[in-house]
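Only a predicted model underlies this, so the values are computations on that prediction, with no experimental measurement involved. Letters go in sequence order (proteins before strands), and every chain restarts at 1.
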Amino acid sequence: MLKPLGDRIVIELVEKEEKTASGIVLPDSAKEKPQEGKVIAVGKGRVTENGETVRPELSEGDKVVFSKYAGSEVKFEGKEYTILRESDVLAIIG
Amino acid sequence: MLKPLGDRIVIELVEKEEKTASGIVLPDSAKEKPQEGKVIAVGKGRVTENGETVRPELSEGDKVVFSKYAGSEVKFEGKEYTILRESDVLAIIG
Amino acid sequence: MLKPLGDRIVIELVEKEEKTASGIVLPDSAKEKPQEGKVIAVGKGRVTENGETVRPELSEGDKVVFSKYAGSEVKFEGKEYTILRESDVLAIIG
Amino acid sequence: MLKPLGDRIVIELVEKEEKTASGIVLPDSAKEKPQEGKVIAVGKGRVTENGETVRPELSEGDKVVFSKYAGSEVKFEGKEYTILRESDVLAIIG
Amino acid sequence: MLKPLGDRIVIELVEKEEKTASGIVLPDSAKEKPQEGKVIAVGKGRVTENGETVRPELSEGDKVVFSKYAGSEVKFEGKEYTILRESDVLAIIG
Amino acid sequence: MLKPLGDRIVIELVEKEEKTASGIVLPDSAKEKPQEGKVIAVGKGRVTENGETVRPELSEGDKVVFSKYAGSEVKFEGKEYTILRESDVLAIIG
Amino acid sequence: MLKPLGDRIVIELVEKEEKTASGIVLPDSAKEKPQEGKVIAVGKGRVTENGETVRPELSEGDKVVFSKYAGSEVKFEGKEYTILRESDVLAIIG
């Protein structure tokens with residue numbers, strides 16, 4: 001199991017198709033292109049300068065859209081994951 | 001449905017015409033050119049270093065002007081959206 | 001009507017003449033050249049990390065000097081405006 | 001009259017001579033070269049993230065040394081001024 | 001013994017194999033490639049602007065994934081270690 | 001007299017010799033080279049985001065080592081001074 | 001004597017050998033290479049935006065590992081020192 005630290009989350013990638021299951025298609029554009037995935041694990045949240053922990057908005061199982069270039073890829077027990085900060089997630093698909 | 005996180009909002013683009021419905025025309029200029037859209041969904045707001053959540057000023061349905069180069073484009077269920085931070089919105093058209 | 005967000009303001013440009021109505025002349029200099037305008041609308045103010053809203057110093061109708069390169073230009077109902085942050089305004093002419 | 005905003009001040013330039021009235025001479029050096037002027041108007045002060053206003057140290061009439069490259073130049077009613085932030089002022093000459 | 005300061009930790013590297021003991025394989029990708037290691041020592045934590053110490057999430061003995069390019073390498077009493085900030089650790093393997 | 005603002009101090013340079021009075025020699029190195037001087041005047045201190053003034057550590061008459069490239073040079077009443085921030089001072093020689 | 005300001009410390013360098021007294025060897029690597037030294041003097045600590053002084057973790061006599069490229073070198077009374085911020089120290093060797 002991968003337990004992310006702080007405001008990080010672990011995401012399982014949704015296979016890239018021309019059109020994904022939930023209907024997100026990446027348009028031809030100079031703008032940043034987002035990617036779709038499913039949240040596998042969520043950290044405890046970031047700690048502010050006040051010493052308070054900001055609880056994550058995301059929960060395990062959420063389907064999300066996130067920046068294609070954000071985070072780090074790891075393979076763990078044969079599966080590929082992306083670990084990124086919650087702030088790199090654009091929206092929940094729900 | 002796309003539910004944006006934090007201080008992000010989801011915007012439906014207003015079709016680019018020489019002159020838009022509400023009369024915004026992009027002038028010839030070296031300055032940053034804004035774009036017009038309609039707010040489809042609003043996040044819970046950003047969390048400050050004090051641990052307080054700053055409620056968004058925008059509401060669903062607001063017509064807004066925002067920076068053309070801000071945010072990320074996604075297509076979702078056949079429609080094109082822009083996801084950006086509320087701070088990238090210049091003004092409400094009302 | 002354009003309602004600016006946060007610490008933004010909407011400014012109506014004063015026509016560029018060699019010498020403006022209130023007597024501001026842009027000198028030949030390598031320094032940043034300011035521009036003159038009239039405040040048309042004022043946002044609610046910026047929200048600090050403490051969650052407090054800092055009320056704007058400017059009011060509608062104020063004549064101001066601001067940085068020529070600050071903000072975004074929009075045309076709205078046939079008129080040209082500049083939307084910028086209050087912190088880009090140098091001084092009130094009064 | 002020019003009323004500066006926030007932590008800005010308005011300065012009337014002291015004419016550049018080889019040696020100024022109060023005896024400041026700009027040395028030949030690769031370092032930042034300061035300039036001399038007189039404070040004409042002072043803003044209310046900057047507002048911190050705590051929502052508190054930090055009162056300016058400077059008062060009208062102070063003679064100051066400031067960075068030559070700081071601020072913006074404006075001509076107003078035939079006279080030339082520099083508008084800059086108090087933090088760009090190095091010292092009071094007194 | 002190496003006692004790290006502040007929010008730093010000391011990590012003993014896990015030997016690079018095609019596939020590590022716990023099954024992490026570095027994929028071919030343009031993204032940042034993480035590395036696996038074991039936590040040997042943990043600092044007291046970072047001190048926020050409020051003067052509070054944020055206790056580390058990690059403990060001695062934790063197996064972690066961290067950015068390959070983060071931190072500094074030292075050899076100490078014949079063994080190789082990496083010293084980095086807790087915020088450079090992506091996740092605990094557990 | 002030069003009265004520095006905020007966290008600035010005024011320093012009188014110690015003449016550059018191969019070896020200075022107090023024995024500081026600038027070594028041949030790619031690192032930042034410090035310079036020696038005497039504190040002539042001290043500002044009230046910087047004001048934090050909390051609105052508190054942090055009293056300077058330095059006092060008039062302190063002999064200090066500071067970064068050669070920090071601050072601004074001014075000549076005042078025939079003498080050469082450097083005005084810099086207290087945070088650019090490395091150490092007191094005492 | 002050199003009395004460092006704020007969060008700075010004065011370090012006496014340990015002579016560079018292939019293998020130092022305490023056994024640190026700098027490996028061949030693209031990563032930042034640390035250096036070993038002994039703490040000679042410690043400042044009062046940094047002052048946070050809250051106006052609180054964060055007491056240093058280090059004490060005189062501590063043997064430390066620090067970034068080779070951090071800080072400034074000074075020679076004082078014939079001996080060579082490095083003055084750097086406590087945050088540039090990686091770990092205490094103890």
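- For R55(G), the salt bridge (charged side-chain N to carboxylate O under 4.0 Å, His left out) criterion is met by no residue, not counting sequence neighbours.
- Note that CZ of R8(E) is 7.0 Å distant from OG of S87(G), once rounded to the nearest 0.5 Å.
- Heavy atoms of V89(G) lying under 4.5 Å from chain E belong to its backbone as well as its side chain.
- Proximity to chain G (any heavy atom under 4.5 Å) is shown, for L5(E), by both the backbone and the side chain.
- Considering every non-hydrogen atom in both P34(G) and E73(E), the closest pair reads CD-O, 3.2 Å.
- Only the backbone of T48(E) comes within contact range of chain G, with heavy atoms under 4.5 Å apart.
- With sequence neighbours excluded, the residues that form a salt bridge (charged side-chain N to carboxylate O under 4.0 Å, His left out) with D7(G) are R85(G).
- No donor-acceptor pair closer than 3.5 Å links the side chain of E49(G) to the backbone N or O of E49(E).
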